There are 2 protein chains.
Amino acid sequence: MSELQPPPTRKIGKADVARAEILSAAAGLMRRVGYAEMSLRDLAAEVNMKAGSLYYHFQSKDDLVTEVMRIGVEVVEAAVREALARHPDLPPTDRIMIAVRVHLDTMLKKSDFVSSHIRCYPFVPTPIRNRLREVRRSYDRIWIDLLGEYLGPDAAYDDVRYLRHLLIGALNGALEWFNPNRDSAMAFAGHIEALLRNAR
Amino acid sequence: MSELQPPPTRKIGKADVARAEILSAAAGLMRRVGYAEMSLRDLAAEVNMKAGSLYYHFQSKDDLVTEVMRIGVEVVEAAVREALARHPDLPPTDRIMIAVRVHLDTMLKKSDFVSSHIRCYPFVPTPIRNRLREVRRSYDRIWIDLLGEYLGPDAAYDDVRYLRHLLIGALNGALEWFNPNRDSAMAFAGHIEALLRNAR
DNA sequence: GTCTATAATATGATAGAC
DNA sequence: GTCTATCATATTATAGAC
């Protein structure tokens, strides 16, 4: 996972590996049990450590949690931006569908960082939410731009906002029902596409 | 709140009032801080009690939480069923929009029971989720029926499922962005309506 | 019905040995 | 870097007085 690597100018040491393992394990735990119920003892056990050792890598539980969630937005943002960059000239609806599929796929199959962010954000303490505001805004901007093009220059600001919230809500909701053994992200995306293509 | 009253055959005593106050306060706390972070001390303080006193009314924290969440589904189900019963002969799209508006309105403005259920369900222990399965199924059935009529008798089972998850996800997502001072539930519902009317 | 007091356990965090 | 040991505090739950 490239997002967990330190800057390439520095050599990857033992601490970097341990830190990355802690972050991965924390993302998985947070997604499953939530922010408050993820104890540092349980987390440490998952990476064969003792709770106190985590403090060599992170100053506090909230610092660790913030880092997990920050990586989450950055992962999905990078995935969506890359996919869109490969198809710069498609019409708006097609570009939205690319973003829809990549968002779903990253969240459901690829990254506990993304899913733990989405699930835990509502209950995380305010200081953590504040520290995440900027990265979240940056990802939102992708959708604001995509939907702005879709609705056209005459659309009201709030029209873009409501449509964005509707879409992101539908996508993130999949976290609560999607079963990889039974469900198809592409089939789900197809239903979103049908609604978007016929409207407007 | 009629849902908090005991069966009408029994007189409403002091215990019933206290119990109802505890449940209301718990719903508010759960919505704000989540299942794990709602301590029984904080809850007791909100109703001017001590933590131990709660055990006169409930056998355990999880029993109390289950009851709060059970009431949540029952409240929104009753509201939607009543509204639909008043317009039995409208076309499917109109009936869906009635359900959309009542679901949004109940969740956002009326009931901490509904919103705490939606927010906390993903992180609540499995035994609690099992005890809620039946009431949740009952509410789901409303939407399965509504969307089944909308898509017509030829629609596949999964088409109804995906569309239902999409819709409920968009609605429940409002819990995370809706600001009563700034946003309009009706405007949001309007965007959903535009998509549904033009599709199919 | 609600209180006080407390048991039993868990938590985030720190200090210092190795 | 990770450990052990521990502090200070918080948690759910219970027992018995009032």
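All chains are named by letter (A, B, ...) in the order of the sequence lines, taking the proteins before the strands, and each is independently numbered beginning at 1. As the structure is a computational prediction, the values presented were derived from the model and not from experiment.
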Item checked: nucleotides 2-9 of chain C: protein proximity per nucleotide (B base, S sugar-phosphate only, - neither; heavy atom, under 4.0 Å) -> BBB-----

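B/I12 forms part of a hydrophobic cluster together with B/V17, judged by ILVMFWY side-chain heavy-atom separations under 4.5 Å. Counting Ile, Leu, Val, Met, Phe, Trp and Tyr side chains that sit under 4.5 Å apart, directly or through other members, B/F123 shares a hydrophobic cluster with A/F123.
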Next item on the list: Show the numbers, then the answer: is there a salt bridge (charged side-chain N to carboxylate O under 4.0 Å, His left out) between B/D112 and B/R119?
Entry: CA-CA 10 Å; B/D112 282 343; B/R119 278 196 156 180; over 6 Å; no

Next item on the list: Show your reasoning for whether side-chain contact (heavy atoms from CB on, under 4.5 Å) applies to B/L132 and B/H117.
Entry: CA-CA 10 Å; B/L132 293 169; B/H117 181 124; 4.1 Å; yes

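Residues B/D183 and A/H165 bring no donor and acceptor atom of their side chains to less than 3.5 Å of each other.
Contact annotation: B/Y55 side-chain N/O to D/dA13 OP1/OP2 distance is under 4.0 Å.
Using a 4.5 Å cut-off between side-chain heavy atoms of Ile, Leu, Val, Met, Phe, Trp and Tyr, with links allowed through other members, A/L90 and A/L151 fall into the same hydrophobic cluster.
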List the atom pairs, donor and acceptor, that lie under 3.5 Å between side-chain atoms in residues 78-89 of chain B and the rest of the protein, sequence neighbours left out.
| unit_1 | atom_1 | unit_2 | atom_2 | d |
| --- | --- | --- | --- | --- |
| B/R81 | NE | B/E77 | OE2 | 2.8 |
| B/R81 | NH2 | B/E77 | OE2 | 3.0 |
| B/R81 | NH2 | B/S138 | O | 3.3 |

Below 3.5 Å, can you tabulate the donor-acceptor pairs from side chains in residues 65-75 of chain B to any protein atom, sequence neighbours excluded?
| unit_1 | atom_1 | unit_2 | atom_2 | d |
| --- | --- | --- | --- | --- |
| B/T66 | OG1 | B/D62 | O | 2.6 |
| B/E67 | OE1 | B/R70 | NE | 3.1 |
| B/E67 | OE1 | B/R70 | NH2 | 3.1 |
| B/E67 | OE2 | B/R19 | NH2 | 3.2 |
| B/E67 | OE2 | B/R70 | NH2 | 2.7 |
| B/R70 | NH1 | B/E74 | OE1 | 2.6 |
| B/R70 | NH1 | B/E74 | OE2 | 2.5 |

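Rounded to whole Å, the distance from CD1 on A/I12 to C1' on D/dG1 is 18 Å. Rounded to whole Å, atom P of D/dT11 lies 9 Å from atom NZ of B/K61. Going from atom CG of B/L64 over to atom C1' of D/dT11 covers 15 Å, rounded to whole Å. A/L54 places its CG atom 13 Å from the P atom of C/dT11, with the value rounded to the nearest Å. When the P atom of C/dT11 is taken as reference, atom CG of A/D62 falls 16 Å away, rounded to whole Å.
Residues from residues 30-39 of chain B with heavy atoms under 4.0 angstrom of DNA chain D, sorted by number: B/M38, B/S39.
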